[in-house]
Amino acid sequence: MTAALSVIVTVVYFFQPWRSCDYKDTSAGCAVLPADANVMLIAILVALAAAPVLVISLLAKEKAHSR
């Protein structure tokens, strides 16, 4: 759950649907504010930390069911 949520936050902050700027047609082309960059960085780090935990727990669950 944590891994999925942090990936969703990362994607949403990448596309920045709430932002608009005069120099780009899409919101994803606008400059990222420092606070938004910090939130996105934290979400990326949490996703990278949670992904191995997710994989290990799924492998352990599979191994427990095979006994």
Side-chain angles (χ1 to χ4, degrees):
M1 172 96 174
T2 304
L5 184 61
S6 60
V7 168
I8 291 169
V9 170
T10 300
V11 170
V12 168
Y13 269 81
F14 178 78
F15 288 112
Q16 308 179 67
W18 59 90
R19 184 144 356 273
S20 64
C21 54
D22 297 335
Y23 54 89
K24 287 289 182 181
D25 293 339
T26 63
S27 60
C30 297
V32 175
L33 297 177
D36 292 346
N38 287 336
V39 170
M40 193 164 88
L41 176 65
I42 291 169
I44 290 169
L45 293 175
V46 169
L48 290 174
V53 173
L54 175 65
V55 170
I56 291 168
S57 64
L58 289 175
L59 290 174
K61 182 178 179 182
E62 183 179 315
K63 188 175 181 179
H65 283 297
S66 66
R67 288 182 183 186

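- Taking CD of Q16 as the start and CE of M40 as the end, the distance is 8.0 Å to the nearest 0.5 Å.
- When the options T10, T2, V7, L5 are evaluated for a side-chain contact (heavy atoms from CB on, under 4.5 Å) with V46, the one that passes is T2.
- Side chains of V12 and W18 form a contact here, defined as non-hydrogen atoms less than 4.5 Å apart.
- Cluster annotation: L45 and L54 are assigned to distinct hydrophobic clusters (Ile/Leu/Val/Met/Phe/Trp/Tyr, side-chain heavy-atom contacts under 4.5 Å, transitive).
- Under the side-chain contact (heavy atoms from CB on, under 4.5 Å) rule, Y13 has a single partner from D36, L41, I42, which is D36.
- Distance alone, capped at 3.5 Å, is enough to place a donor-acceptor pair between the S27 side chain and the F15 backbone.
- By the criterion of side-chain heavy atoms lying less than 4.5 angstrom apart, applied directly or through intervening Ile, Leu, Val, Met, Phe, Trp or Tyr residues, V11 is grouped together with I44 in one hydrophobic cluster.
- Hydrophobic clustering (ILVMFWY, side-chain heavy atoms < 4.5 Å, transitive): I8 and V39 are in one cluster.
- Nearest heavy atoms, A51 versus A3: N-CB, 4.3 Å.
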